[in-house]
Amino acid sequence: MPQRKVTRVEERIKKLRDQINFHNYRYYVLDAPVISDFEYDRLYRELKSLEAEHPELVTADSPTQRVGGEPLDKFRKVSHPGPILSLGNANSAEEVRAWFDRIARLDRRVASASFVVEPKLDGLTVVLHYEKGIFVLGATRGDGDTGEDITANLKTVKSLPLRVPVEPGGPQSPDRLVVRGEALILRAQFEQMNRRLEQNGEKTFVNPRNAAAGALRQLDPSITARRPISLRCYAIVDASGGVPKRQSAVIEYLRDLGLPVPEHTSMHRTLDQAVLEAERWASRREELPYEADGMVIKLDDLELAESLGAVGRDPRGAIAFKFAAQEVTTRLVDIGVNVGRTGVITPYAILEPVEVGGVTVRQATLHNFDFVREKDIRVGDRVLIKRAGEVIPYVIGPVREARTGAEAPYSLPTKCPSCGERLEKLAQEVAVYCLNAACPAQLVRNLEHFAGRGSMDIEGLGIKVAELLVAQGLVTDVADVYSLRKEDFLQLEGFAEKRAENLLAAIERSKSQSLARLVNALGIRGVGEVTAGDLARRFGGLGALSKAAVGDLTGVEGIGPNIAESIVDWLGRGRNRSLLGKLRRADVWPTMSTDQEDAAPQKLAGRTFVLTGTLAGMTREVATELIEKFGGKVTGSVSKKTDYVVAGESPGSKLAKARELGIQVLDEAGLRRVLAGRGR
DNA sequence: GATCCTCGAGTTCG
DNA sequence: CTCGAGGATC
């Protein structure tokens, strides 16, 4: 080979690679890009075309080589330079202190040691090899001694630098540097990915961990490249030169080399402070950008940690303070069915009781029968239960690997569990219905709804009492509550003088509820609080409403042909006409004058509010009332049309959405200012 | 006709 | 809170 001089093309290629690597780092590691996506694309395309013209200049660390190479037959085995250890677990602060006492007895220096606390990332452990600063090999953890070579897949991970240091001028990497990291998918990206998969009718992933692990074990790297894998590095496994001897310095050193490191690591002078920090995160785990199953407490002094040795695979110098599990498996004992107030039949899971996120779960909804069929959930299965930030636990799906073969596919119920009527599946609907208008289960749910908070608000009439009243035959439709007498209640289980009197008084009070609430209370399909309010304003009374035709109803905002049809259908049924008659005779017949509500100046007219979180000085109901009093509107979800989002304590996803859409966020004081007409 | 928005309905444990 | 579906809007 004749000696070549460095050509202009070569220089340009090198410059482009440096720039692209730098911008990758800004974008994927620091999350702070300095150029637009458009400019980035331009650089990338230029490099790509130069490399196409000069294939001899393509190198392994070129950013264009992230996706490349042919699918593999299988992964090559790789020996790790040292054992990739796991971690001992502690499930409580006491267990952490016990760990500390044990190691303090082994070495007196522990007593005055500092600790680093970092999230215990729930992803796939990877081992990354850099030779002379170039990424040459990436492996899975495997059994801790030997892993699999997944270099091609890891190269598609954008936050993994193909060369370190990324920026010149920082610390230099030793000739050989092997780091330990975690490949994972950020929560936000996981959700985005699943939404996209769902839209395309593809199978979604159960959780970020499985998705990440699955993606990295693909033999075809182009599949991996389509998954939004991220990386966090937190330890040095091996190095040929001097590297920091303290964990806190290691993190900083890795960060300075341009490697992504975990967010929210912290240093503590005492164990107590470290434990406090770990406990603090236990209740705020949702704020971490990725899933973590605990916090790791490590001795900052790595030489001291090393000298303590290990118990089996668990090094003594660190411990994982586990969060209460938010994802567990348990046995599906049976599938039960509920009857809703509209007659919809919904399945629910009866589970072997299991702790999830600090509470014992025995039951969980299965949404609808399509869900059961799609996930192929069978009685006897082990199922994965999740109870994330929300309170409500739900079944994610069966663990197919744990099947014994005895589990039979679930078949739809054919009869109503309450009245035995044949169930019908209406055309074009997911739901299965019990169409028996006199079905006792439906009546119970109807009565519960009628007495509920957004309806007639009868205190003391919940589902238990509703069940008793229906079972005793004291109530055959919701209007019957107004003809109940004290003696009726006294024959019910758990009722004595006082309770009967209280309930009767509550029923009496409910007679003066507004027309809007009464319309809502009737439980007409498709008519809820909002629509009931619209109907009340439009018709002013039940008399006028019951004479309405489809054409009159579709004139009301928010009511289209379907709901109009549903209302007319409800009004036309004999039992409902008799129900209305009973209400009238009981003098439960409110009216609403059209101009009654316009007392306050309508200064918020046309403005839409969304409430999230808990307000300190007022309940959400009060806030809603106030906003509506001034002509404003309160809706449940944030959209472009939302004017204000009012955020209280521990707000939900709506706050994030508001930020995303650039909608003004008010705190409680801000809401008061707006209500008072000051500021905006 | 497609997309965006809003409403309704169902939901668990302590 | 989240989903699905009905309704409104472009």
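Note: hydrogens, waters and symmetry copies are ignored here, and every other heavy atom, side chains too, is used. Throughout, protein chains are lettered first and strands after them, A, B, ... in sequence-line order, and every chain is numbered starting at 1.
Distance, A:I350 CD1 to B:dT11 P: 13 Å, rounded to whole Å. Taking atom CZ of residue A:F371 and atom C1' of nucleotide C:dG4, one finds them 15 Å apart after rounding to whole Å. With rounding to whole Å, A:D643 atom CG is found 10 Å from B:dT6 atom P. In this entry the distance linking CD1 of A:I563 with P of C:dG7 reads 4 Å, nearest Å. Going from atom NE2 of A:H449 over to atom P of B:dG8 covers 10 Å, rounded to whole Å. Between the P atom of C:dG6 and the CD1 atom of A:I567 lies a distance of 14 Å, rounded to the nearest Å. Here the C1' atom of nucleotide C:dA8 and the CG atom of A:D534 are 14 Å apart, to the nearest Å. For A:E557 and C:dT9, the CD to C1' distance is 12 Å, given to the nearest whole Å.
Residue A:P393 has its side chain nearest to B:dT12 when only B:dT6, B:dT12, B:dC5 are considered. Comparing B:dG14, C:dG6, B:dG10 by their closest approach to the side chain of A:R362 singles out B:dG14. The side chain of A:K641 lies closest to B:dC5, out of B:dG8, B:dC5, B:dC13. Side-chain atoms of A:N562 lie closest to C:dG6 of the nucleotides B:dG8, C:dG6, B:dT11. Each of B:dT12, B:dT6, B:dC5 was ranked by its minimum atom distance to the side chain of A:K640; first place goes to B:dC5. The nucleotide whose nearest atom lies closest to any side-chain atom of A:T360 is, among B:dA9, B:dG14, C:dC1, B:dG14.
Checking side-chain atoms of A:N520 against main-chain N and O of A:A516 turns up no donor-acceptor pair under 3.5 Å.
With sequence neighbours excluded, the residues that form a side-chain contact (heavy atoms from CB on, under 4.5 Å) with A:N89 are A:A320, A:K322.
Around the CZ atom of A:R280, the shell of radius 6.0 Å holds more than 12 heavy atoms that belong to other residues, nucleotides or ligands.
Between A:T531 and the phosphate of B:dG8, there is a side-chain N or O to OP1/OP2 separation shorter than 4.0 Å. Under 4.0 angstrom from either OP1 or OP2 of B:dT11 there lies at least one side-chain N or O belonging to A:T346.
Taking the charged nitrogens against the carboxylate oxygens, A:K582 and A:D477 do have a contact shorter than 4.0 Å, which makes a salt bridge. A salt bridge does not link A:R378 with A:D381: every distance from a Lys NZ or Arg NE/NH1/NH2 to an Asp or Glu carboxylate oxygen is 4.0 Å or more. Salt-bridge annotation for A:D534 and A:R538: absent, with no side-chain N of the basic residue lying under 4.0 Å from a carboxylate O of the acidic one. Salt bridge A:E421/A:K415: absent, no basic N to carboxylate O contact under 4.0 Å.
Within residues 331-342 of chain A, the residues having any heavy atom closer than 4.0 Å to DNA chain B are, in order of number, A:N338, A:G340, A:R341, A:T342.
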